[in-house]
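Order of the sequence lines fixes the chain letters, A, B, ..., with proteins taken first and strands second; residue numbering starts at 1 for each chain.
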There are 2 protein chains.
Amino acid sequence: MDATEGLEISQGESFIDVKSFFESAPPLKNSDSITQKVKEFIYQNSQFSGNAKSVGVVCVTSGGTTVPLEQRCVRYIDNFSSGHRGAASTEYFVKSGYAVIFVHRRGSCQPYCRYLPEDSFLEFFEVLNDSEIQVCHPHATVVKKAIKEYHSAVNGGFLLKLPFTTIFEYLQIIQVVATSLSCLGPRGMFYLAAAVSDFYVPWESMAKHKIQSAAGPLDMRLTQVPKMLRILRTDWAPSAFCVSFKLETDSEILLQKAESALRKYQMHVVVANELATYKREVIAVTLDGKISIRKQSEDADVEDQLIKLLVEKHNNYIECCGMGEIITFGNRMSGH
Amino acid sequence: MDATEGLEISQGESFIDVKSFFESAPPLKNSDSITQKVKEFIYQNSQFSGNAKSVGVVCVTSGGTTVPLEQRCVRYIDNFSSGHRGAASTEYFVKSGYAVIFVHRRGSCQPYCRYLPEDSFLEFFEVLNDSEIQVCHPHATVVKKAIKEYHSAVNGGFLLKLPFTTIFEYLQIIQVVATSLSCLGPRGMFYLAAAVSDFYVPWESMAKHKIQSAAGPLDMRLTQVPKMLRILRTDWAPSAFCVSFKLETDSEILLQKAESALRKYQMHVVVANELATYKREVIAVTLDGKISIRKQSEDADVEDQLIKLLVEKHNNYIECCGMGEIITFGNRMSGH
């Protein structure tokens with residue numbers, strides 16, 4: 001999880017790779033309806049003023065992308081990501097007054113569902129007197145809180161959920177969101193926590209049918225996914241505040257890779273995390289320095305502190321960009 | 001989904017491959033606790049008599065297995081399977097009087113949850129008067145039915161759920177279940193609907209850290225998963241009734257491959273299905289001939305007819321094995 005290499009583009013790489021990736025990708029299903037939903041959501045959350053509905057719009061990406069190995073897909077390569085980081089962060093962004101476009105892997109962890117059972121939520125409920133539904137006692141508080149907060153976010157118009165599965169869908173959705181979000185200038189934010197595939201099989205060179213398991217080993221050659229982080233920064237949404245993630249299993253190369261991504265792709269923040277410790281510690285790498293963030297107690301989320309920091313950095317960024325009035329990033333939920 | 005090649009073993013292949021697969025696999029977590037749960041579940045459902053609690057115990061496998069590409073796993077190869085077939089079949093087996101060991105991919109479709117929303121079941125609920133939970137109107141009937149049937153199956157002791165993710169976990173769990181189930185002789189059944197990986201990277205030759213996306217393509221060599229269907233038939237549970245699945249995207253080779261699997265691995269039934277039509281049509285291939293099964297209406301499940309057929313075949317098989325009394329495969333739920 002939490003890698004964004006798929007959105008990077010190396011210095012020498014031309015935009016031709018990006019162009020040919022999109023041209024050869026299978027068309028995004030419901031593309032028009034997705035574009036319309038995104039535009040409406042952004043429009044409804046773009047009336048920033050003293051009585052602003054939202055203080056900004058953030059696109060949170062979450063979960064791993066898949067790379068199909070066959071056109072009629074039976075097998076695919078996947079990236080590990082529970083989606084917990086993206087789901088938790090979405091909750092804290094909403095709490096901080098943001099509207100969130102939650103671009104998530106189908107079936108990955110969802111906002112407000114983090115404490116509910118993974119496999120079967122039916123465990124949590126019982127039917128009384130043949131009609132009344134009750135939450136089994138020890139879970140009642142957490143389930144009711146989840147239902148209330150979820151409905152408050154959705155009905156308030158602060159949460160738009162867009163699912164993806166493949167790398168093709170993911171990058172096409174990001175393009176739609178980014179080009180739509182560019183109208184908000186610096187009030188738009190990207191928080192790219194999804195684990196994006198580095199390698200893929202171009203659609204045209206893909207096996208049409210299921211690969212047969214004949215005798216002997218299977219040899220595969222995978223092409224690098226064109227890295228689109230720079231095109232996001234230069235073309236799609238050049239004024240948006242950009243936070244990307246760098247996940248490694250080897251702590252020795254982690255910070256060096258995070259700093260390199262910060263400079264190469266002109267990110268505002270790169271969040272460095274290690275597979276073994278990502279749930280309790282991250283390091284926010286910026287041009288001003290590195291800030292280590294640890295969860296403050298067993299019950300706390302590291303995302304709570306992380307989002308507070310990012311909201312502050314984003315606020316400074318908006319001011320620097322000369323957007324005029326100072327916005328108070330209050331606690332939307334605190335009054336309820 | 002619905003392929004079981006991972007459990008096959010080719011004629012010439014020696015059991016040494018199987019042995020070395022298990023020896024090099026990372027140890028199954030909670031192995032003792034899983035074994036104990038399985039043994040208890042089988043024991044509780046093995047008191048077959050005129051007042052039998054269950055008419056048999058079936059191990060239903062469901063969802064796809066993953067093949068890790070790195071030891072500290074970020075990337076893996078996955079097989080497509082929603083798990084819908086396994087979940088639906090589990091419901092019909094329970095309804096027919098069976099106890100079901102549901103060996104499923106974590107996060108895949110669960111029995112009694114098939115009609116509930118995929119991404120966020122919170123959509124379905126609302127909290128009234130700050131405390132009472134209600135199901136949003138149009139969904140009330142289906143949600144209440146799901147909760148009741150789920151609790152009835154679990155509390156009655158007819159459903160044991162065991163999750164897996166990797167091919168290593170899957171095959172180790174199948175071994176535990178099969179060797180435990182062998183005590184039931186022909187009353188045990190395997191219904192192997194999981195989509196098992198054909199190729200894997202042996203644990204010892206796997207990259208320790210995340211594979212770096214350096215310049216250029218990635219070349220991979222994958223080894224064939226030793227095919228264990230025969231060892232299941234000859235060693236682990238030789239008297240159990242065995243149903244395997246064959247999924248292809250190419251209809252021309254489907255029946256030929258299903259018949260070949262039937263003979264080679266001495267299956268009792270091979271269910272042939274094609275990716276494009278598997279939700280509405282399957283063909284049950286047996287030594288006596290082929291039976292095509294289609295769903296009977298838009299709201300019906302093809303699994304309803306399929307399980308009825310398999311229950312009948314299993315019943316005949318038990319009689320042939322000389323188990324004495326004839327068992328009536330009644331409809332457990334019909335009286336409720």
Side-chain angles (χ1 to χ4, degrees), chain A residues 1 3 5 10 66 69-70 72-80 104 106-107 110 112-113 118-123 125-127 131 133-135 143-144 146-148 150-151 154 161 163 195 197-199 208-211 213 215-224 247-250 275-276, chain B residues 1 3 5 10 66 69-70 72-80 104 106-107 110 112-113 118-123 125-127 131 133-135 143-144 146-148 150-151 154 161 163 195 197-199 208-211 213 215-224 247-250 275-276:
Chain A
M1 55 148 303
E5 291 97 297
S10 70
T66 69
L69 300 178
E70 299 141 333
R72 299 186 193 180
C73 182
V74 174
R75 299 192 185 87
Y76 53 90
I77 297 185
D78 205 341
N79 273 37
F80 162 73
H104 64 281
R106 272 186 193 85
Q110 297 294 298
Y112 311 109
C113 293
E118 190 190 333
D119 259 357
S120 180
F121 72 87
L122 294 178
E123 294 274 0
F125 295 99
E126 53 198 357
V127 179
S131 76
I133 290 182
Q134 273 222 331
V135 186
V143 172
K144 284 175 189 170
I147 295 173
K148 274 195 217 173
Y150 174 80
H151 285 285
V154 171
K161 302 209 289 181
S197 317
D198 297 315
F199 302 100
K208 283 217 168 40
H209 285 293
K210 185 180 171 193
I211 299 165
S213 56
L218 173 69
D219 290 310
M220 279 197 305
R221 166 157 285 203
L222 301 170
T223 307
Q224 270 198 289
L247 173 79
E248 293 292 339
T249 59
D250 185 353
L275 190 61
Chain B
M1 57 146 298
E5 292 96 297
S10 70
T66 69
L69 300 178
E70 299 141 333
R72 300 187 192 180
C73 183
V74 174
R75 299 190 185 88
Y76 53 89
I77 297 184
D78 205 342
N79 273 37
F80 161 72
H104 64 280
R106 271 185 195 85
Q110 297 293 299
Y112 310 109
C113 293
E118 190 190 334
D119 260 357
S120 180
F121 72 88
L122 294 178
E123 295 273 1
F125 295 99
E126 53 198 356
V127 179
S131 76
I133 290 181
Q134 274 221 332
V135 186
V143 171
K144 284 176 191 172
I147 295 173
K148 275 195 216 174
Y150 174 80
H151 285 284
V154 171
K161 302 209 289 181
S197 317
D198 296 316
F199 302 101
K208 284 218 167 37
H209 286 293
K210 185 179 170 190
I211 299 165
S213 57
L218 173 69
D219 289 311
M220 280 197 303
R221 166 157 285 204
L222 301 170
T223 307
Q224 270 198 290
L247 173 79
E248 293 293 339
T249 59
D250 184 352
L275 190 61

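- Highest contact tally toward chain B, considering only A/V154, A/T66, A/I77, is held by A/I77 [criterion: heavy-atom pairs under 4.5 Å].
- Note that the CG atom of B/D78 and the CG atom of A/N79 stand 11.5 Å from one another [nearest 0.5 Å].
- The heavy-atom pair separating B/K148 from A/V127 by the smallest distance is CE-CG1, 3.9 Å.
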